[in-house]
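These notes are about the structure you will find just below.
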There are 2 protein chains.
Amino acid sequence: MSETAEEFASLLKVLANPVRLKILALCLNKERTSKELRKKLRLSKPLLIAHVRKLTSAGFLSCRAEVVKGRVVKYYRTERFEVCCGEEILKDILEELEDSEK
Amino acid sequence: MSETAEEFASLLKVLANPVRLKILALCLNKERTSKELRKKLRLSKPLLIAHVRKLTSAGFLSCRAEVVKGRVVKYYRTERFEVCCGEEILKDILEELEDSEK
DNA sequence: TCCTTAGGTAAACTTTCTTTTACCCACTAT
DNA sequence: ATAGTGGGTAAAAGAAAGTTTACCTAAGGA
């Protein structure tokens, strides 16, 4: 039971959101702080945290914490990745479907 | 106002669903009828129609209608496509964000 | 002391997506 | 006539996302 379709769909789901794409774009090749991201994208604190969590759990974004004058400051950076949806993955899904038919 | 992030996210959203990925997998290099899809994926009629509509509107799936003994039968086939999310598109989104800052 | 800032959580609300139920039409076969 | 099939819609129920409001901790500076 590899659940290819479900797994791949949930990976795509993480990317299928404009706010998250913008966060990844801003943190591309450049570390950004939460404050910076919140200001540029006009996001509330809990909202940024929620989006950032999905991105880091999926491995698209990395986080580094640093203590600046007693306060913890977090820096985000986009990881190198490339997710493609095309014939290749569809063939895997098809195989799985044919297998599950026994 | 190109709205790259929004547009790209909605394209990904169409693919970010296991049922739709399975439909695309089944129709890869092989025409399938609605009946076949419904049976293999255990979908109700309105549900298959809803998923298929999203796929065809986005251009991932094509539909051909044929009249067999007075009844209209529809055949679906997956179009050749490749949607990738990586540095390239993120750079476009970043540019857009920087432009909108004026 | 009190206010501010950085990080965070929990609960509630809203919106969007997925899925089901109940119907409709047209044509075929019994 | 009526039961069955293929395509379809509309409405509503259910589930999952996205977003807000209110609140908590800990440390720094006025």
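From a predicted model like this one, the values you see are computed outputs, not experimental measurements. By convention in this document, chain letters (A, B, ...) are assigned in the order of the sequence lines, proteins followed by strands, and residues within each chain are numbered from 1. Just the heavy atoms: all of them, side chains too, but no hydrogens, waters or symmetry mates, feed the values below.
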query: So, is K54(B) near the phosphate of dT18(C), with a side-chain N or O under 4.0 Å from OP1 or OP2?
result: yes

message: Counting only side-chain nitrogens and oxygens, does N17(B) get under 4.0 Å of the OP1 or OP2 atom of dT18(C)?
response: yes

query: Does a nitrogen or oxygen in the side chain of K35(B) sit under 4.0 Å from OP1 or OP2 of dG7(D)?
result: no

task: Classify the nucleic acid contact of K45(B) as base, sugar-phosphate or nothing, counting any heavy atom under 4.0 Å across all strands shown.
output: base

- prompt: T33(A) near the nucleic acid: base, sugar-phosphate alone, or nothing, with a heavy-atom cut-off under 4.0 Å?
  reply: nothing

query: Do we get R32(A) above Y76(A)'s six-membered ring, with its NZ or CZ under 6.0 Å from the centre and within 45° of the axis?
result: no

Compile the donor-acceptor pairs under 3.5 Å between side chains in residues 79-90 of chain B and protein atoms, sequence neighbours left out, one pair per line.
from   : atom 1 : to     : atom 2 : distance (Å)
E79(B) : OE2    : S62(B) : OG     : 3.0

- prompt: Within the structure shown, what part of the strands sits under 4.0 Å from R42(A) by heavy-atom distance: base, sugar-phosphate, or nothing?
  reply: nothing

message: Could you walk me through whether V52(B) and S34(B) satisfy the side-chain contact (heavy atoms from CB on, under 4.5 Å) test, starting with their C-alpha distance in whole Å, then the side-chain angles of each, then the deciding distance to 0.1 Å, before giving a yes or no?
response: CA-CA 9 Å; V52(B) 144; S34(B) 312; over 6 Å; no

- request: Tell me what R38(B) touches on the nucleic acid: a base, only sugar-phosphate, or nothing, going by heavy atoms under 4.0 Å.
  value: nothing

task: Starting from C1' on dC3(C), measure out to CZ on R71(A) and report it in whole angstrom.
output: 12 Å

- prompt: What is the distance, rounded to the nearest whole Å, between atom NZ of K22(B) and atom C1' of dT19(C)?
  reply: 15 Å

field: K39(B) NZ to dT5(D) C1', straight-line distance once rounded to whole Å
entry: 15 Å

